[in-house]
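Everything below concerns the one structure shown next.
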Amino acid sequence: MTDYLEESAEARRSLNFIEQIIEEDLRNGKNDGRVHTRFPPEPNGYLHIGHAKSICLNFGLAIRYNGKCNLRFDDTNPTKEEQEYVDSIKDNVRWLGFDWEDREFYASDYFDTLYEFAVKLIMKGKAYVCDLSAEEISNMRGTPSVPASPSPYRNRGVEENLDLFRRMKAGEFPDGTRTLRAKIDLASPNMHMRDPVLYRIMHTAHHRTGDRWCIYPMYDFAHGQSDSLECITHSICTLEFEVHRPLYDWFIRELEIFPSRQIEFARLNLSYTVMSKRKLLELVNAGLVNGWDDPRMPTISGLRRRGYTPASIRLFADKVGVAKRDNVIDIALLEHCLREDLNKKAPRRMVVTKPLKVIIDNYPEDLVEELDAINNPEDPEAGTRKVPFSKEIWIEQDDFMEAPPKKYFRLAPGTEVRLRYAYFITCVGVEKDDAGNITCLHCTYDPASRGGNSPDGRKVQGTIHWVSASHAVAAELRVYEHLFTREDPDNVDEGGDFKDYLNPDSLKVLQARAEPSLDSPEVLSNFQFERIAYFSVDQDSKPGQPVFNRTVTLKDSWAKQGVR
RNA sequence: UGUCCGAUGGUGUAAUUGGUAACACAACUGACUCUGGAUCAGUCGAGUCCAGGUUCGAGCCCUGGUCGGACAACCA
């Protein structure tokens with residue numbers, strides 16, 4: 001985890017507003033100089049890149065200030081939560097590189113204590129059992145400018161409330177017939193203070209407590225108290241909970257428990273994608289993507305399958321910063337962080353994505369040479385490998401033009417290029433089919449240029465990649481583009497839907513020819529296919545039939561010129 | 001219409017807490033290169049939402065607006 005410290009330390013020299021608060025608390029000796037955060041997901045879906053930011057923030061703060069960060073599942077609604085999600089969340093946090101040690105908690109661990117807290121409020125005359133239906137409560141809540149009208153049960157006696165609440169717990173009443181409500185302020189401009197519901201009746205089995213309970217606490221009654229029970233010093237959440245803070249503080253005050261402090265920051269938004277769990281779920285259910293871990297999804301599982309590295313996501317989380325203003329991060333920043341990491345780590349390989357056959361006329365018929373190729377020019381430690389060369393090879397269709405424009409450095413009739421790590425070749429002939437499509441190229445090679453340099457010192461402008469035809473491995477390439485065509489797919493036109501902006505070309509499959517070292521690569525390993533893009537090995541791969549996901553393209557200043 | 005929060009280059013985030021707007025991404029030039037990659041050098045681009053006020057001095061403080069976001073689930 002020292003890696004993480006170094007990453008963030010060098011990437012940042014000024015403090016974000018949360019760090020400023022923490023350092024001020026530290027100066028004042030608040031919480032005995034302790035910093036304790038938590039990451040509190042609800043296990044009702046998969047985590048996405050926005051959660052990754054929160055994870056990096058909370059665990060990162062703990063690391064930076066020598067504190068601790070808990071993993072706590074906010075599992076107070078048994079109708080939505082499942083063990084599958086708990087497992088995926090733990091897996092994602094671990095993959096990102098963080099460790100909650102033995103501090104894996106669940107709000108459901110606190111159900112007994114929470115019940116006692118509720119009893120305490122009842123005894124203080126600060127909570128009451130209400131017999132109104134959900135609809136009635138809603139109708140009586142008023143509007144932000146019109147006060148709520150009091151529930152007819154608002155002034156029930158303590159004994160009656162205690163009895164009713166006990167019977168709610170005992171399962172005497174059907175779902176929805178009663179709630180426990182806090183008695184606060186019906187005229188508050190903050191709707192959350194107008195006698196919020198604390199407990200509801202749900203005869204539903206919970207993924208952890210089974211059928212032990214038929215009443216479940218609401219978010220507001222569970223979250224802050226859970227923070228307090230864990231002695232969380234800084235409870236960091238997103239902006240929409242800002243209006244809940246007065247209630248958060250009210251419970252702490254009335255219950256006289258450890259005063260955790262809630263701090264809100266702006267959630268992450270990314271261009272060309274959607275981030276809400278609801279929309280992501282919709283894409284999965286409608287079959288518009290292939291599950292939560294589809295490489296086009298902004299879920300952590302999707303990014304992982306796509307080939308993103310934990311370090312790249314941590315770097316990204318650090319670079320986007322933390323503030324309270326709404327933001328949309330350019331997805332190019334995420335890709336930049338990825339390339340930065342992959343450039344240093346990913347072994348290079350040669351893969352021809354759109355093959356064009358080249359026959360080297362003057363190369364011996366049955367000769368096969370093993371040539372040395374550098375695995376990663378950025379990392380000498382990565383060493384070299386052997387790549388077979390023979391008379392017939394594949395090159396990229398884009399690397400040949402019969403009538404090239406100016407400043408085209410690649411192969412054309414009569415021009416010479418270097419085959420990477422191999423030889424200089426010159427194009428001497430073009431074969432076409434009846435329709436005029438180029439089917440094959442004839443070239444000659446310069447035997448003296450073996451390895452890629454000519455002893456006479458002559459230069460060639462272009463270097464292209466290649467694969468020996470008889471040694472090539474057939475590889476499936478899954479080429480991804482942004483999932484949406486619109487920078488802000490949430491911003492829909494009249495009568496439209498965010499799904500209207502799905503990019504029909506977000507996935508294209510290519511049958512490529514790869515160098516033999518790519519025969520059976522390890523799933524999830526990253527490679528750079530030289531001059532093309534970074535690719536990662538998909539789990540659908542079989543020995544001899546590798547499948548690669550395009551992680552991110554290389555920057556291509558030639559393509560940018562729009563010459564082709 | 002009520003309360004809360006926010007507003008700094010195209011996008012994000014800073015500005016020693018009142019001292020004269022910086023960094024990153026993006027874009028664009030050029031150098032270099034056995035990846036048109038990487039790297040390096042450089043350029044473009046905001047006078048800080050608006051109007052007043054305090055001050056020698058305001059992106060930072062005050063007042064009033066404007067615009068944007070959040071909140072009226074027995075969801076979290």
Side-chain angles (χ1 to χ4, degrees), chain A residues 11-16 20 40-42 44 74-77 79-81 130 132-135 137-138 141-148 175-181 188-194 196-202 215-216 218-220 222-223 237-246 264 266 271 277 319-337 339-340 343-344 348 350 374 377-378 407-410 418-422 424 451-453 459-465 487 528-533 553-561 563:
Chain A
R12 179 180 53 210
R13 66 293 141 205
S14 60
L15 304 179
N16 64 49
Q20 288 177 14
E42 181 190 13
N44 70 339
D74 227 332
D75 55 350
T76 57
N77 186 350
T79 63
K80 294 187 172 181
E81 296 148 7
C130 180
L132 259 22
S133 70
E135 196 186 348
I137 289 179
S138 171
R141 203 185 301 276
T143 69
S145 50
V146 179
D175 287 4
T177 53
R178 280 178 232 267
T179 57
L180 181 73
R181 293 227 260 162
S188 172
N190 183 337
M191 303 293 285
H192 297 278
M193 300 300 273
R194 325 244 268 218
V197 171
L198 269 33
Y199 269 91
R200 73 285 215 187
I201 301 172
M202 284 201 225
I215 57 171
Y216 292 95
M218 299 289 292
Y219 165 83
D220 285 304
H223 197 102
C237 62
T238 45
L239 244 32
E240 67 268 27
F241 293 100
E242 206 155 26
V243 281
H244 293 245
R245 188 170 3 111
E264 312 86 11
S271 61
K277 270 190 198 173
K319 286 200 185 228
V320 295
V322 181
K324 298 191 71 162
R325 120 182 45 140
D326 294 324
N327 62 80
V328 181
I329 308 293
D330 190 341
I331 197 161
L333 180 62
L334 213 211
E335 296 176 342
H336 167 263
C337 294
R339 288 192 190 99
E340 184 152 299
N343 178 47
K344 290 178 295 188
R348 317 281 126 129
M350 291 197 286
I374 294 168
E378 302 293 320
K407 292 170 70 179
Y408 183 79
F409 300 162
R410 284 109 100 149
R418 167 168 38 231
L419 292 176
R420 180 140 236 226
Y421 300 127
F424 287 6
N453 284 301
K459 300 280 183 197
V460 290
Q461 284 265 51
T463 299
I464 64 176
H465 60 280
E487 210 172 311
Q528 183 199 100
F529 294 171
E530 292 206 56
R531 306 205 307 133
I532 304 292
T553 59
L554 251 28
K555 283 208 235 165
D556 187 349
S557 54
W558 167 248
K560 249 182 208 170
Q561 294 181 16
V563 181

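It should be emphasised that the depicted structure is a prediction, and the values quoted were computed from it without experimental measurement. A, B, ... follow the sequence lines: proteins, then strands. Residue 1 opens every chain.
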Watson-Crick or G-U counterpart of [N], or none if no pair lies under 3.5 Å:
N      : result
B:rU11 : B:rA24
B:rU33 : none
B:rG19 : B:rC56

Separation of [Y] [atom2] from [X] [atom1] (nearest 0.5 Å):
X      : Y      : atom1 : atom2 : answer
A:K459 : A:R418 : NZ    : CZ    : 8.0 Å
A:R420 : A:R348 : CZ    : CZ    : 9.0 Å
A:R141 : A:T143 : CZ    : OG1   : 12.0 Å

Please state how far atom [atom1] in [X] lies from atom [atom2] in [N], giving the value in whole angstrom units.
X      : N      : atom1 : atom2 : value
A:I329 : B:rC25 : CD1   : P     : 14 Å
A:R245 : B:rU3  : CZ    : P     : 17 Å
A:N327 : B:rG12 : CG    : P     : 6 Å
A:F241 : B:rC71 : CZ    : P     : 10 Å
A:K319 : B:rA14 : NZ    : P     : 15 Å
A:M193 : B:rG2  : CE    : C1'   : 16 Å
A:I374 : B:rU33 : CD1   : C1'   : 12 Å
A:D175 : B:rC74 : CG    : P     : 14 Å

Please state the [atom1] separation for the pair [N] and [M] - nearest whole angstrom.
N      : M      : atom1 : answer
B:rG53 : B:rG12 : P     : 32 Å
B:rA51 : B:rU16 : P     : 24 Å
B:rG9  : B:rA22 : P     : 14 Å
B:rU20 : B:rC60 : C1'   : 13 Å
B:rC32 : B:rC49 : C1'   : 45 Å
B:rG52 : B:rG10 : C1'   : 31 Å
B:rG2  : B:rU8  : C1'   : 30 Å
B:rU48 : B:rG18 : C1'   : 15 Å

Can you tell me if the side-chain N/O atoms of [X] get under 4.0 Å from OP1 or OP2 in [N]?
X      : N      : value
A:K555 : B:rA38 : yes
A:T76  : B:rA76 : yes
A:R325 : B:rU11 : no
A:R348 : B:rG37 : no
A:S557 : B:rG37 : yes
A:S138 : B:rA73 : yes

Handout entry: A:E135 and A:S133 side chains, donor-acceptor separation under 3.5 Å
Key = no
Problem - For A:S271, the option from A:D330, A:L334, A:L333 that meets side chain to side chain contact (heavy atoms under 4.5 Å, CB included) - result: A:D330
For [X], which contact category applies under a 4.0 Å heavy-atom criterion: base, sugar-phosphate, or nothing?
X      : result
A:P40  : nothing
A:H465 : nothing
A:R141 : sugar-phosphate
A:E242 : sugar-phosphate
A:S271 : nothing
A:A323 : sugar-phosphate
A:Y408 : base
A:L132 : base
A:V146 : nothing
A:L333 : sugar-phosphate
A:Y421 : base
A:S188 : nothing
A:Q20  : base
A:Q528 : base

Practice task
I would like to know whether A:R181 and A:I137 meet side-chain contact (heavy atoms from CB on, under 4.5 Å); could you show each step before the answer?
Solution key: CA-CA 11 Å; A:R181 293 227 260 162; A:I137 289 179; 3.9 Å; yes
Practice task
Mark this stacking check for A:W558 against B:rG36 as yes or no, applying ring centres under 5.5 Å and ring planes under 30°.
Solution key: yes
Practice task
Quick one: sort the A:Y219 and A:H244 rings into parallel, tilted or perpendicular, breaks at 30° and 60°.
Solution key: perpendicular
Handout entry: A:M218, nearest nucleotide to its side chain (from B:rC71, B:rA76, B:rG37)
Key = B:rA76
Practice task
Name the residue closer to the 5' end of RNA chain B, choosing between A:I464 and A:P41 according to the nucleotide with the nearest heavy atom.
Solution key: A:I464
Practice task
Would you kindly compare A:N343 and A:V328 by the position of their nearest RNA chain B nucleotide and give the one closer to the 5′ end?
Solution key: A:V328
Problem - Side-chain donor/acceptor of A:E264 to base of B:rG6, under 3.5 Å - result: no
Problem - Electrostatic pair A:K80-A:E42, nearest N-O below 4.0 angstrom - result: no
